[in-house]
Amino acid sequence: MAEPETDIETDTVTSIDARRAAEALIVDVDGFEGPLDLLLTLSRTQKVDLRAISILDLAEQYLKFVDQAKKLRLELAADYLVMAAWLAFLKSRLLLPPEPGEEGPSGEELAAHLAFQLERLQAMREQAAKLMARDQKGRDFFVRGVPEDVARIRTVTYTATLLDLMQGYARIRTKDEFRPYVMDRDRILTLEQALDRMRPLIGFAGEWTDLTSYLPDGWGGDPALRRSATAATFAASLELTKEGRIELRQAETYAPIQIRRKETTDD
Amino acid sequence: MTDITTPPPDDAQDQAREESLFEAPPLGEQERMVEAILFASAEPVKVAELNARMPHGSDAAEALVGLKKRYEGRGVHLIRVGDAWALRTAPDLGFLMQKEVVETRKLSRAAIETLAIIAYHQPVTRAEIEEIRGVSVSRGTVDQLLELEWIRFGRRRMSPGRPVTYVVTEEFLDHFGLGSARDLPGLKELRQAGLLDNRPPPGDLPLGSAEEDDDPDARGQSEMFEE
Amino acid sequence: MTDITTPPPDDAQDQAREESLFEAPPLGEQERMVEAILFASAEPVKVAELNARMPHGSDAAEALVGLKKRYEGRGVHLIRVGDAWALRTAPDLGFLMQKEVVETRKLSRAAIETLAIIAYHQPVTRAEIEEIRGVSVSRGTVDQLLELEWIRFGRRRMSPGRPVTYVVTEEFLDHFGLGSARDLPGLKELRQAGLLDNRPPPGDLPLGSAEEDDDPDARGQSEMFEE
């Protein structure tokens with residue numbers, strides 16, 4: 001990294017030393033981490049505290065640097081050129097009196113912020129250096145060489161609630177007794193079952209869909225099963241229409257009945 | 001003129017020895033050094049190696065004596081391992097090198113059902129539990145409930161084989177917030193609470209009478225639940 | 001099958017536990033315990049964990065005060081790392097430890113600067129880091145710091161895009177011998193100089209204008225640093 005020792009005077013880059021310093025900067029352009037880093041490096045040539053820096057001078061130094069890079073046909077990354085354009089704008093703002101009714105921040109405000117950014121970057125660099133100069137673990141101080149394992153003793157406790165207990169008991173006491181009663185209804189789809197089945201499905205029915213596609217699997221073959229399932233599903237669709245959750249249509253008598261989700265956002 | 005820049009070799013050695021004697025760190029400092037080296041080292045360190053790592057003129061052996069005294073009665077001891085030295089946690093504090101992790105798990109379905117049957121039908125034999133559940137009860141399930149101290153052995157049944165019975169414990173009542181096993185809700189209440197999915201059978205059997213079918217010989221368990 | 005892994009505690013243990021409920025070990029004994037636990041661990045141990053591992057009624061915080069004094073000026077120091085404590089060799093004796101030195105990958109300038117920015121500005125978004133450095137932060141740089149466990153993700157910023165933030169870790173504090181993030185050198189001066197403010201650029205600056213879109217609500221650095 002080039003550390004220019006010599007001033008680059010804004011008006012006269014005549015001395016050999018100064019030219020060398022400027023060229024050193026340019027040759028090292030890859031070593032800069034972006035335009036702000038370059039500006040910070042250039043600012044050091046002013047040999048003043050960052051708070052007292054002349055942003056106008058700095059802008060000119062930067063523009064000169066970019067000019068020279070162009071002369072040497074060095075390819076500069078786009079953000080260096082964007083910065084150059086902006087600094088040219090800043091320069092004009094700083095030099096020319098503001099036009100009446102002009103919008104936006106003044107040249108001084110812009111310059112102050114750039115100075116703040118430079119000072120902040122500089123401060124972070126210094127802190128970074130101080131941080132790395134601190135005593136570090138594994139380099140200056142050390143941890144215990146033979147750490148001992150901490151044995152994990154697992155104690156498992158089991159819990160159950162009264163509800164678990166009662167549900168468990170209810171499960172046993174009822175499992176035999178009522179089964180036949182339910183089995184009688186095996187071949188019938190109830191309205192409740194059809195509703196239970198359709199409710200979670202209608203959310204996906206954005207398009208008109210044939211009602212028969214809502215019959216449960218295995219209920220479409222046997223005529224008796226199909227009849228029950230169709231009736232229950234139709235009744236369920238009427239129920240859902242009543243609730244305002246779906247729309248129902250039939251093109252003509254005996255044509256397939258179609259349903260789709262009713263958009264609630266409409267109302 | 002004498003060549004003062006190159007003194008005779010003997011003198012040089014003497015001088016070096018003398019210098020290092022003067023330069024050797026104070027004993028307290030040497031103790032610190034030994035302490036740090038032993039702390040950070042993964043293995044016990046020999047006196048020779050300590051000396052090699054410490055500044056010239058140091059006497060690790062002497063520093064070790066001081067350090068050993070300093071750690072006497074502390075949580076860490078300086079011990080000798082063969083011809084090397086190491087710092088180790090005091091043996092009496094070994095119990096601190098463990099961490100207790102308590103894990104709470106839900107009781108298995110089999111255990112809950114077994115427990116429920118014992119609670120509702122106590123005193124009850126294993127054969128009776130199996131009859132009610134319709135599946136065999138593993139030894140582990142019963143052991144687990146015994147270990148939780150939620151059930152205990154009751155009196156032996158006066159029937160062939162004199163099987164042991166199980167009853168629930170005070171601990172069980174405590175855990176489930178029950179004053180007595182009688183406070184367990186009956187089937188009717190379970191149904192009212194929506195815990196029974198099925199419709200009531202025509203006869204709506206009370207718990208007590210259901211019991212009779214399971215174990216006609218059993219006496220005493222059902223009266224607990226009779227109202 | 002049984003899931004029981006631990007036998008019920010025996011009477012002797014019960015008794016010991018009961019006694020300890022009434023009587024915490026004397027402070028000197030507690031110091032020994034803290035010493036042994038910290039000594040055995042390479043990682044900092046939190047006060048809460050110390051208390052959890054020590055007998056009931058122990059006060060690790062108090063024992064630590066005594067222990068810290070005891071290790072003052074020794075070859076090993078007791079240091080605070082966030083809300084945890086660790087024993088570390090005294091930094092002035094690092095020269096004795098060539099054998100223990102851990103070779104670390106050399107960090108790039110970008111990584112070091114990014115680390116410092118995160119430490120001083122945390123919680124900080126990637127866009128904010130880029131504004132401060134005036135250059136984009138490469139993924140590899142952040143990955144390297146994450147891998148070293150010196151930084152981690154903080155809470156997302158409540159601003160458009162909900163960008164993630166970065167904060168430094170306890171490992172960072174431990175590595176650089178910092179008791180807390182407040183102990184970062186020069187923190188107060190930087191704050192007084194306004195250099196830790198999140199100052200929005202006036203109008204359209206070539207650097208950091210993107211930042212505005214990212215995070216208009218950003219308010220200074222972390223509340224961690226507020227006294």
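Letters A, B, ... mirror the listed sequences (proteins, then strands); counts begin at 1.
Between C:Tyr71 and B:Tyr71, the ring planes lie tilted relative to each other; the angle falls in the 30° to 60° range.
Atom NZ of B:Lys46 has 12 or fewer heavy atoms from other residues, nucleotides or ligands within 6.0 Å. Counting heavy-atom neighbours within 6.0 Å of C:Lys69 NZ, excluding the residue itself, gives a total of 12 or less. Crowding of B:Glu43 atom CD: a count of heavy atoms from other residues, nucleotides or ligands under 6.0 Å not exceeding 12. Within 6.0 Å of CD in B:Glu171 there are more than 12 heavy atoms belonging to other residues, nucleotides or ligands.
A salt bridge links C:Lys99 with B:Glu49: at least one charged nitrogen is closer than 4.0 Å to a carboxylate oxygen.
Contacts between C:Arg70 and chain B at a heavy-atom distance below 4.5 Å involve the side chain alone, from C-beta outward. Both the backbone and the side chain of B:Leu96 come within less than 4.5 Å of a heavy atom of chain C. Both the backbone and the side chain of B:Ser41 have a heavy atom closer than 4.5 Å to some heavy atom of chain C. In this structure, chain C has a heavy atom under 4.5 Å from the side chain of B:Leu67, while its backbone stays farther away.
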(request) Any chance you could lay out the side-chain contact (heavy atoms from CB on, under 4.5 Å) test for C:Asp92 and B:Glu29, step after step, and finish with the verdict? (result) CA-CA 11 Å; C:Asp92 67 306; B:Glu29 200 56 20; 4.1 Å; yes
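Looking only at heavy-atom pairs under 4.5 Å with chain B, the residue among C:Ala36, C:Gly28, C:Ala40, C:Ala90 that has the most is C:Ala36.
Remark: the backbone N or O of C:Arg32 is not paired with any side-chain donor or acceptor of B:Arg74 at under 3.5 angstrom.
Among all heavy-atom pairs drawn from C:Leu87 and B:Phe39, the shortest one is O-CZ, 3.4 Å.
By the 4.5 Å heavy-atom criterion applied to side chains, B:Arg53 and C:Met97 are counted as neighbours.
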